[in-house]
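Nothing here was measured: the structure is a model prediction, and the numbers come from that model. Residue numbering restarts at 1 for every chain, and letters A, B, ... go by the order of the sequence lines.
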Amino acid sequence: MAELTTGDDGNSPMDGVQIDLISAERMEGLRTMEKIRLILDGVRDGNIVILERGLDPDEESKLIEVTMGEIQPDGSEGNGFTGIEIETYPGGRRDTSGILGRVLGKNEESKLTVIGPANRIETLHKDENFIRTLIRRR
Amino acid sequence: MGLLTSIRSSISELFAADEPKRIGIYGPPNAGKTTLANRIARDWTGDAVGPESHVPHETRRARRKENVEIKRNGSSVNIDIVDTPGVTTKVDYTEFLEHDIEEDDAIRRSREATEGVAEAMHWLREDVDGVIYVLDATTDPFTQVNTMLIGIIESQDLPVLIFANKIDLEDASVQRIRNAFPQHETVPLSALEGDNMDEVYDKIAEYFR
């Protein structure tokens with residue numbers, strides 16, 4: 001779990017938050033559901049997942065759909081999963097005005113994305129160049 | 001056979017052109033989607049689509065009102081309105097408790113809300129021909145859900161109109177919405193008060209003909 005990582009001495013538990021930084025290269029070889037599972041498995045463990053390159057719109061749509069299916073409103077499985085908080089930098093304004101922009105997928109290739117459990121991550125500030133988030137310990 | 005197939009195909013295309021366009025009303029929770037759907041349905045058919053409420057996720061199933069014929073300038077456009085649950089990436093049942101809803105009911109509503117959001121996403125990928133994206137003009141439009149949803153709609157090449165709702169309220173800022181999504185037409189309105197509905201219907205007829 002995120003908070004019970006091992007300290008420098010290899011024995012004592014260390015209080016902290018695990019951050020998974022996932023490279024574009026790692027995501028490139030995965031199918032849509034594999035990407036979604038990689039993200040949601042990390043987030044459901046309480047981790048913050050940062051994608052070097054974000055998801056495409058169809059994958060984002062499926063991420064929302066799968067996330068909804070995994071929410072346990074009554075926390076019946078003891079996980080209290082209420083969904084995800086997701087932020088993308090830059091702000092997601094895509095240049096689809098020209099054929100070249102669409103063919104090259106302009107802007108869609110470089111949107112750094114931060115995803116975390118909704119009950120632990122809160123966006124304090126966001127603009128086109130900057131995201132500031134607060135991560136709560138459990 | 002080739003000729004027959006071709007004739008059949010042409011005939012079905014001819015009829016398909018006359019079929020109503022399915023226009024999905026999308027947006028975050030509490031933007032006024034059902035109020036708008038009811039306003040449009042009442043103005044042109046006399047019936048409502050569903051109950052309105054200040055409680056988020058009141059609409060937890062996509063509801064369709066078929067064959068809404070909107071007449072503008074001597075011609076008409078025939079649409080099916082699909083009122084969808086507000087899209088979000090999180091649902092916490094404790095938020096319902098703040099609206100004096102009992103815990104059991106709050107849990108049930110949350111479960112239905114998650115199913116409703118998933119259903120809305122499915123409709124967007126598979127079953128709508130155009131989108132009206134409704135935003136509450138008193139709130140910040142530059143949220144991740146809005147930018148993601150607009151991106152998803154754009155990737156489907158669907159015609160989209162952005163409606164800046166609740167302009168009857170003092171804090172409303174239509175310009176803030178125009179600045180957030182300059183690539184799309186933004187139409188100001190108050191679905192509750194019926195303000196600027198003439199322009200709303202002009203734009204629906206223009207975009208979804």
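- No part of B:L124 comes within reach of chain A, as not one of its non-hydrogen atoms sits under 4.5 angstrom from that chain.
- Within a 6.0 Å sphere centred on CZ of A:R26, other residues, nucleotides and ligands contribute 12 heavy atoms or fewer.
- Closest approach of A:M68 to B:K90, counting heavy atoms only: CE-N, 3.8 Å.
- Taking chain B as the reference chain and counting heavy-atom pairs below 4.5 Å, the highest number among A:I64, A:D58, A:I71, A:I84 is found for A:I84.
- The one candidate from B:M121, B:H122, B:Q156 that meets the side chain to side chain contact (heavy atoms under 4.5 Å, CB included) condition with A:S61 is B:M121.
- In this structure, B:Q144 contributes its side chain and A:T88 its backbone to a donor-acceptor pair below 3.5 Å.
- With rounding to the nearest 0.5 angstrom, the CD atom of A:E65 is 11.5 Å from the OG1 atom of B:T114.
- Atom CD of B:E126 has more than 12 heavy atoms from other residues, nucleotides or ligands within 6.0 Å.
- Counting heavy-atom pairs closer than 4.5 Å to chain A, the top-ranked of the candidates B:V117, B:V91, B:D92 is B:V91.
- Summarising the geometry, atom CD belonging to A:E60 is positioned 11.0 Å from atom OG1 belonging to B:T89; distances are rounded to the nearest 0.5 Å.
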